[in-house]
Colleague: 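Below you will find the structure I want to go over with you.
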Amino acid sequence: MKIYLKKNEERRINIGHQWIFSNEIERTEGEITDGGAAELYSSRNAYLGKGFYNKHSLIAVRFLTGGDEEIDREFFRKRLKTAEQRRRKIYPERKSFRMCNSESDFLPGLIIDKFNDNYSMQIFSKGVESFRDDICEILKEEFGAKLIVEKNDNELRTLEGLEKREGVLFGDNEAEESEIDSIKYSIDILKGQKTGFYLDQAFNRVKIRDYVSENSKVLDLFCNEGGFALNAAYAGCRDITGVDSSEYSIQTAGKNAALNGFEFIKFECADVFDYFDKAFQTKEKYNLIVLDPPSFTKSKKNIPAAVKGYIELNYKAMRLLHKNSYLFTYSCSHHISEKQFEEILVKAAEQAGRRIQIIDFANCSYDHPVLPQMPETKYLKGYILNIN
Ligand code: SAH
């Protein structure tokens with residue numbers, strides 16, 4: 001199968017972007033198989049490489065290689081080994097990390113998180129889906145997987161014509177203890193959110209250790225399984241509250257606290273907006289607040305509503321902070337840029353009547369690389385602010 005692009009539409013591919021949209025294709029040649037690997041050519045007949053084709057998706061091609069290698073099990077094995085070796089370098093001690101970050105690891109549409117010998121897989125493209133069993137074999141043969149779970153419940157799959165599905169592909173699922181940056185977590189891949197656990201914030205959670213002392217009063221909002229709160233406790237802080245609306249997350253956060261001997265952390269199952277109302281009544285003030293909400297917008301058209309939501313959250317958090325305190329604030333919406341997020345923080349500070357300074361910028365952890373030539377690979381951004 002051959003795909004010829006329209007005039008000049010090879011430019012993005014040539015700088016390292018990995019998507020070709022359906023309207024950029026001039027014509028196809030040969031038998032079309034959805035999810036199959038196709039050869040790509042420019043309008044001038046120059047060979048560009050190979051990519052997975054899906055005629056039902058707006059992202060019609062996901063680029064795989066500029067060479068002429070076969071797209072087979074060995075191709076996946078090679079790319080996965082390279083991705084894994086990169087992590088071993090960054091985290092020589094860790095047994096849990098994101099092993100494959102889709103486009104950013106040159107395997108578009110494939111995410112694999114590893115927790116000890118347990119692997120969690122998310123597939124977003126028809127091409128990768130057809131290699132699911134091969135990927136499982138590689139995880140067993142090459143990496144010694146004892147458990148492989150697919151967490152394919154993401155809405156994005158429907159855009160590819162793929163069904164949503166979750167379940168065990170190999171082994172027996174049960175919660176297992178994983179250690180990340182000296183903190184113990186009980187992780188149940190099937191029951192936890194997304195791939196089972198948020199590894200992207202690991203790096204930012206550790207940073208909290210530098211900003212708390214024994215006497216700090218810390219509030220971890222949208223705490224999920226307690227990552228930021230546990231790191232604050234690790235640094236010696238004793239007055240910590242974590243809030244999340246998911247009953248399961250709060251239960252697991254409590255379990256994690258006990259695993260580390262941090263039973264003093266208070267975890268509360270509540271909606272953060274309700275929690276704010278309660279906190280304003282009791283007039284409690286904090287020295288550090290973490291604000292790590294879920295994505296407020298998955299599409300461009302909802303940006304105005306999302307901006308309003310972020311301003312409200314940040315303004316309310318700022319009001320609850322003492323003078324000379326810290327706000328760790330994040331946005332994981334791809335559609336909110338860093339510049340927009342800074343404007344949100346300026347508006348929030350104005351409404352709260354506070355002065356803010358940026359102390360540090362946040363990105364995803366190192367096992368979630370970002371491609372500057374492909375802005376779609378960036379989603380998490382955040383700031384450590386000093387609030388006066
Ligand atoms: N800070 C976490 C990750 C947060 S993910 C960590 O370090 O792992 C976002 C979390 O927000 C999820 O756990 C989700 O259950 C929770 N959530 C979503 N809407 C909420 C709401 N309105 N109030 C409280 N929690 C909410």
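Indexing begins at 1, ligand by ligand and atom by atom, following the structure's order. All values reported here derive from a predicted model rather than from experimental measurement. Along the sequence shown, residues are numbered consecutively beginning with 1.
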Colleague: State the atoms of ligand 1, each with its element, that fall below the 4.0 Å cut-off from a heavy-atom position in Ala270.
Modeller: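 Those qualifying, in numeric order: 23 (N), 24 (C).
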Colleague: Any nitrogen or oxygen of Pro293, side chain or backbone, less than 3.5 Å from one on ligand 1?
Modeller: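 In fact, backbone or side chain, Pro293 has no N or O that close.
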Colleague: Considering only heavy atoms from C-beta outward, does the side chain of Asp113 approach that of Met99 to under 4.5 Å?
Modeller: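 The answer is no; the side chains never approach within 4.5 Å.
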Colleague: Using a 4.0 Å heavy-atom cut-off, which part of Glu225 comes near ligand 1: side chain, backbone, both, or neither?
Modeller: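 For Glu225, there is no contact with ligand 1 at all, from either part.
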Colleague: Within a distance under 4.0 Å of any heavy atom of Gln193, pick out the atoms of ligand 1 and give their elements.
Modeller: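 Numbered from 1, ligand 1 contributes 12 (C), 13 (O), 14 (C), 15 (O).
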Colleague: So, for Tyr326 and Ile359, which heavy atoms are closest and what is the spacing to 0.1 Å?
Modeller: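 Heavy-atom minimum between the residues: CE2-CG1, 4.5 Å.
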Colleague: Can you tell whether the side chains of Arg98 and Asp105 come within less than 4.0 Å, N to carboxylate O?
Modeller: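 Not counted as a salt bridge, because no side-chain N and carboxylate O are separated by less than 4.0 Å.
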Colleague: Is there at least one pair of N or O atoms, one from Asp244 and one from ligand 1, spaced under 3.5 Å apart?
Modeller: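 N/O-N/O distance below 3.5 Å exists for this pair.
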Colleague: Over 60° means perpendicular and under 30° means parallel, so classify the ring planes of Tyr310 and Phe341, tilted if in between.
Modeller: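 Answer is perpendicular, since the angle exceeds 60°.
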Colleague: Just by distance, no angles: are the side chains of Asn54 and Glu160 close enough, under 3.5 Å, to form a donor-acceptor pair?
Modeller: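 Yes, a side-chain donor-acceptor pair sits under 3.5 Å.
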Colleague: Just to be sure I'm reading this right: ignoring hydrogens, which of Ala253, Ser245, Ser295 gets closest to atom 19 (N) of ligand 1? Compare them by their nearest heavy atoms.
Modeller: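 Answer by nearest heavy atom: Ser245.
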Colleague: What residue and atom, counting heavy atoms only, is the protein's closest point to atom 18 (C) of ligand 1, and at what distance?
Modeller: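 Going by distance alone, atom 18 (C) of ligand 1 is nearest to Pro294 CG, 3.5 Å.
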Colleague: Are Glu166 and Lys151 ion-paired here, with the side-chain N under 4.0 Å from a carboxylate O?
Modeller: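 Counted as a salt bridge, because a side-chain N and a carboxylate O are separated by less than 4.0 Å.
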Colleague: Is the distance between the ring centroids of Phe328 and Tyr211 under 6.0 Å?
Modeller: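 Ring centres of Tyr211 and Phe328 closer than 6.0 Å.
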Colleague: For atom 23 (N) of ligand 1, what's the nearest protein heavy-atom neighbour? Residue, atom name and distance, please.
Modeller: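 Nearest neighbour among protein heavy atoms for atom 23 (N) of ligand 1, to 0.1 Å: Val272 N, 2.9 Å.
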Colleague: For atom 1 (N) of ligand 1, which protein heavy atom lies nearest, and how many Å away is it?
Modeller: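 Answer, as residue, atom name and distance: Asp292 OD2, 2.7 Å.
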Colleague: Under 4.0 Å from a heavy atom of Ser246: give me the atoms of ligand 1 that qualify, with their elements.
Modeller: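 By the 4.0 Å cutoff, the relevant atoms are 15 (O).
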Colleague: Under 4.0 Å from a heavy atom of Arg205: give me the atoms of ligand 1 that qualify, with their elements.
Modeller: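 Answer, ordered by atom number: 6 (C), 7 (O), 8 (O).
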Colleague: Tell me whether Lys2 contacts the main-chain N or O of Arg27 through its side chain, where contact means a donor paired with an acceptor under 3.5 Å.
Modeller: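 Flag not set: sc Lys2 to bb Arg27 has no pair under 3.5 Å.
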Colleague: Which residue is it: Glu163, Gln122, Glu129? I am looking for the one with a side-chain hydrogen bond (donor to acceptor under 3.5 Å, both in side chains) to Arg157.
Modeller: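 Answer to the side-chain hydrogen bond (donor to acceptor under 3.5 Å, both in side chains) test with Arg157 among Glu163, Gln122, Glu129: Glu129.
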Colleague: Starting from atom 22 (N) of ligand 1, locate the nearest protein heavy atom and write down its residue, its atom name and how far away it is, to 0.1 Å.
Modeller: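 For atom 22 (N) of ligand 1, the nearest protein heavy atom comes out as Asp271 OD2, 3.1 Å.
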Colleague: Can you sort out which atoms of ligand 1 are near Phe228, meaning under 4.0 Å from one of its heavy atoms?
Modeller: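 That gives atoms 1 (N), 7 (O) of ligand 1.
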Colleague: Closest non-hydrogen protein atom to atom 4 (C) of ligand 1, residue and atom name please, with distance?
Modeller: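 Scanning the protein heavy atoms, the shortest distance from atom 4 (C) of ligand 1 goes to Phe222 O, 3.2 Å.
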Colleague: Against heavy atoms of Tyr198, which atoms of ligand 1 measure under 4.0 Å?
Modeller: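 This gives 3 (C), 5 (S), 8 (O) as the contact atoms.
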Colleague: Does the side chain of Glu342 come under 3.5 Å of the side chain of Tyr383 through a donor N or O and an acceptor N or O?
Modeller: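 A pair is found: one side chain offers a donor N or O, the other an acceptor, under 3.5 Å apart.
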